[in-house]
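Report on the structure given below.
Residue numbering restarts at 1 for every chain, and letters A, B, ... go by the order of the sequence lines.
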2 protein chains.
Amino acid sequence: MPQIIIADDHPMVRGALALAVESAFDQPEILECAHLAGVMQLLESIGAADLLLLDLRMPGVDGFEGLVRIRSQFPATPVVVISALEDPRLVREALALGAMGFIPKSTPRAEIVAALSLVAAGGTYRPDDLSLAEPAPDSKGRAADDDFLQRVLTLTPQQRRVLQLLGTGKLNKEIAYDLDIAETTVKAHVSSILHKLRVYSRTQAVVMAGRLHLDSFADVAEG
Amino acid sequence: MPQIIIADDHPMVRGALALAVESAFDQPEILECAHLAGVMQLLESIGAADLLLLDLRMPGVDGFEGLVRIRSQFPATPVVVISALEDPRLVREALALGAMGFIPKSTPRAEIVAALSLVAAGGTYRPDDLSLAEPAPDSKGRAADDDFLQRVLTLTPQQRRVLQLLGTGKLNKEIAYDLDIAETTVKAHVSSILHKLRVYSRTQAVVMAGRLHLDSFADVAEG
DNA sequence: ATTACCCTTGTACCAAAGTACAATTGGCAC
DNA sequence: GTGCCAATTGTACTTTGGTACAAGGGTAAT
């Protein structure tokens with residue numbers, strides 16, 4: 001019996017998604033959450049879900065931070081991002097951050113069902129009109145960030161956890177305690193992380209990684 | 001004959017600013033630059049300008065770094081920051097870093113002229129709607145951040161410059177080079193900064209300080 | 001079963017970070 | 001002037017951070 005988590009702060013949306021899930025899976029166990037904390041608790045208690053439908057905007061989730069947290073702490077759980085928006089950049093970034101799909105809320109039910117089946121089968125889904133419209137980099141700063149994203153994706157799950165804690169400013173010693181491993185091991189991970197991210201200090205890694213969350217800066221027209 | 005430097009990578013913007021400068025000063029000598037390197041060269045050759053209009057975003061300047069470099073190497077030159085953005089936090093920080101004014105590109109010409117005159121007279125300028133709209137905390141997470149902001153404000157100007165460079169992930173050695181001081185001095189500043197901010201590592205300082213800039217998340221409507 | 005990769009840990013070493021104490025200079029205010 | 005403070009620098013020291021190398025155990029794929 002597949003366990004599916006639906007995380008959205010809007011009950012109506014959860015209901016609609018539940019219908020789609022019931023169509024796409026055989027006797028699913030549907031677990032609903034209205035906030036990120038609930039999702040994390042659920043995942044901790046059941047270890048890993050078979051699928052997680054995650055809204056980008058809910059209490060406790062301001063953007064991709066929730067996705068990143070979940071992906072790094074529960075890499076085994078496939079995540080499909082649900083969003084009211086469908087900006088190509090958002091889609092790309094969500095997928096780059098490890099989401100297995102991106103479903104705009106405006107998607108027809110039938111297509112949602114197909115998308116969920118696709119992801120359950122190990123595929124990835126994105127809105128049709130984006131399959132081709134991808135290779136269109138617009139601004140300059142974007143490129144560098146995308147490069148960095150690609151590098152973050154080469155990190156192993158444990159390394160992502162380390163990077164996560166690194167991002168809170170913790171010492172190696174504290175990270176070791178948190179992950180219940182030796183400080184030596186943390187150092188090994190940090191070294192590997194620095195190489196993969198092509199930076200030369202933890203501080204730089206933190207600065208770079210920090211941008212992944214909040215580089216949603218609206219390009220403002222010249223005055 | 002006052003020497004005024006206009007640094008912006010957009011010719012149209014430079015033109016508009018030049019007009020304002022000509023209205024605000026008597027027979028000004030206007031020097032234009034499209035990138036940071038040119039500004040530094042100009043300042044080195046003429047020693048100090050009477051006013052520098054500096055865009056936040058140009059080749060070689062990703063944010064406050066250029067402002068910091070200029071302020072530290074040519075403290076005698078008053079700098080007015082020109083920006084397409086007008087986030088109150090940006091304004092506050094620019095002024096904290098030693099800018100004598102902050103002029104959004106959307107400002108009417110007449111007001112720009114007045115602002116330039118004000119700064120030339122030794123005053124500081126900021127957009128009107130920010131003089132009062134500052135002390136308005138809205139969300140919960142704000143409280144802690146405001147505490148932190150209060151602590152940041154206890155930093156001396158030079159310490160803020162150091163913190164700024166710290167936030168780019170630079171080593172003490174690099175910071176020393178940028179500010180043209182000894183690494184020992186940088187260490188002294190960092191130590192002092194850590195104490196004032198009540199953190200125990202540069203990484204934590206960077207993480208905390210990072211929040212001050214970019215927690216500007218646009219609230220998006222539900223689908 | 002052999003390869004490959006991840007996670008783990010250890011030792012050893014070097015570089016960077018951070019603290020503590022002391023001292024000089026210069027500006028500014030009372 | 002005297003005092004205060006920012007800024008600077010130095011020496012000396014301890015703690016973190018980071019690299020290099022080596023190695024054992026686990027899992028998954030070929």
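- Closest to the side chain of A:T184, out of C:dT8, C:dT11, D:dG18, is C:dT11.
- Of the side-chain N and O atoms in B:H189, one or more sit less than 4.0 angstrom from OP1 or OP2 of D:dT8.
- Comparing atom distances between the A:I181 side chain and each of C:dG18, C:dT8, D:dG18 picks out C:dT8 as nearest.
- The side chain of A:T185 places an N or O atom within less than 4.0 Å of a non-bridging phosphate oxygen (OP1 or OP2) of C:dT9.
- Of all nucleotides listed (C:dA20, D:dG18, C:dG18), C:dG18 comes nearest to the side chain of B:S191.
- Ranking C:dA16, D:dG17, D:dA7 by closeness to the B:L171 side chain, first place goes to C:dA16.
- The nucleotide whose nearest atom lies closest to any side-chain atom of B:K173 is, among D:dG17, C:dA16, D:dT9, C:dA16.
- Distances shorter than 4.0 Å separate some side-chain N or O of B:Q158 from OP1 or OP2 on D:dT8.
- Picking from C:dT9, D:dG10, C:dC7 the nucleotide with the shortest atom distance to the side chain of B:A182 gives D:dG10.
- Bending across the helix from C:dC7-D:dG24 to C:dC30-D:dG1, expressed as the angle between its end axes from five pairs apiece, amounts to 40° (10° rounding).
- Distances shorter than 4.0 Å separate some side-chain N or O of B:N172 from OP1 or OP2 on C:dA17.
- Closest contact between the side chain of A:K187 and the listed nucleotides D:dG18, D:dG10, C:dA17 involves D:dG18.
- Closest to the side chain of A:H195, from the set C:dT9, D:dG18, D:dA20, is D:dA20.
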